[in-house]
There are 2 protein chains.
Amino acid sequence: MGLAKTEIFTDEQNEISLFAKVFGHPARVAILQYLFKLDNCICGDLVNEIGLAQPTISQHLKELKQLGLIKGNVEGTSVCYCIDKTTWLDMKQVMVQFLDQDVSNNDCC
Amino acid sequence: MGLAKTEIFTDEQNEISLFAKVFGHPARVAILQYLFKLDNCICGDLVNEIGLAQPTISQHLKELKQLGLIKGNVEGTSVCYCIDKTTWLDMKQVMVQFLDQDVSNNDCC
DNA sequence: TAATTATATCGTAATATTGCAATGAAACAA
DNA sequence: TTGTTTCATTGCAATATTACGATATAATTA
């Protein structure tokens, strides 16, 4: 199928998996790391920094933007991208809570 | 293509994206949450708990096992699964470091 | 031994993802 | 106005993912 049965899962499970999925490609991880390093940058910088074609970078930026993790300001002919702090911190809270589950009692049989 | 160009990214970026990808499906998130809740369980429990067919659950368990996040002990005709603490904590360290990047200077133009 | 139980694997259909060439759109420069 | 720059969108080919029926495997039970 290729289609996840989201309706049988909780909102929280679906939210976690949506955030995780966007981090599930190294190009998007690289874009975010570059944005953190430089505070902000334009699409052209990313095309040079990462070795992917411009439409591919643009597509990855779109997915990050759709989740609200980044935002872009048009500046003349270029677009300046940066992390959206609010959404990033919200996402971090959800993800860290998932990762922080207590492992101490967990063991096999 | 459907094929990520992993060779142009750092090991860290590829590792983060591999961990994230496995969390990128709500069924695997649900399996892990259930394992944390019960400390351990068998495949059949998960088939009842989550509304997916047995081969589908088995496939998701395989992906979690391949990354080392869970391990399974054969117990008669059933298999007891639990979180692999060591790998989980290693993964958590990598992911939290990625999520914890400093957002304070980041802003658009 | 034969049947049962629990899980894994195989095969396949439906859908999603990735990557890029070609093209479009919008701002700017000459 | 015409060209240039920068980015987004479209269309498509290659590959990956998801889900499950059918079947295999392995331990247990009758």
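Lettering follows sequence order; numbering is per chain, from 1.
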Exercise for review: Give the B/S/- string for nucleotides 8-13 of chain C, one per nucleotide from 5' to 3', where a protein heavy atom under 4.0 Å of the base yields B, of only the sugar-phosphate yields S, and otherwise -.
Suggested key: BB---B
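Scanning residues 44-53 of chain B for heavy-atom distances under 4.0 Å to DNA chain C yields B/Gly44. Within a heavy-atom distance below 4.0 Å of DNA chain D, the residues of residues 14-37 of chain B found are B/Lys21, B/His25, B/Arg28.
Map A/Ser78 and A/Thr6 each onto its nearest nucleotide of DNA chain D; the residue landing nearer the 5' end is A/Ser78. Take the nearest nucleotide of DNA chain C for A/Ala4 and for B/Lys5: the residue whose nucleotide is more 5' is A/Ala4.
For B/Gln97, the side-chain contact (heavy atoms from CB on, under 4.5 Å) partners at least two apart in sequence or on another chain are B/Glu12, B/Gln93. Partners of B/Asp102 by salt bridge (charged side-chain N to carboxylate O under 4.0 Å, His left out), not counting sequence neighbours: none found. Residues forming a side-chain hydrogen bond (donor to acceptor under 3.5 Å, both in side chains) with A/Glu15 (at least two apart in sequence, or on another chain): none. Under the side-chain contact (heavy atoms from CB on, under 4.5 Å) criterion, B/Val79 pairs with B/Val74, B/Tyr81, sequence neighbours left out. Legend: residues meeting side-chain contact (heavy atoms from CB on, under 4.5 Å) with B/Ser58, ordered by chain and number and at least two apart, are B/Gln54. Residues passing the side-chain hydrogen bond (donor to acceptor under 3.5 Å, both in side chains) test with B/Lys71: none are found, sequence neighbours excluded. Taking the side-chain contact (heavy atoms from CB on, under 4.5 Å) definition, one finds that B/Ala20 meets it with A/Phe23, B/Met95, sequence neighbours left out.
A tilted orientation is assigned to the rings of B/His25 and B/His60, their planes being inclined by 30° to 60°.
A donor-acceptor contact under 3.5 angstrom links the side chains of A/Gln13 and B/Gln33, judged on distance only.
Considering CD1 of A/Ile31 and CG of A/Leu46, their distance stands at 5.5 Å, rounded to 0.5 Å. Taking CD1 of A/Ile50 as the reference point, atom NZ of B/Lys5 lies at 12.0 Å (rounded to 0.5 Å).
Among residues at least two apart or in separate chains, salt bridge (Lys or Arg N to Asp or Glu O under 4.0 Å) pairs with a member in residues 48-65 of chain A are A/Arg28-A/Glu63.
Between A/Gln66 atom CD and D/dA8 atom P there is a gap of 12 Å when expressed in whole angstrom units. The distance between atom CD1 of A/Ile70 and atom P of D/dC7, rounded to the nearest whole Å, is 12 Å.
In this model, the phosphate group of D/dA19 is approached by a side-chain N or O of B/His60 to a distance below 4.0 Å at OP1 or OP2.
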Are any protein N/O atoms closer than 3.5 Å to N/O atoms in nucleotides 27-30 of chain D? If there are, list each pair with its distance.
none

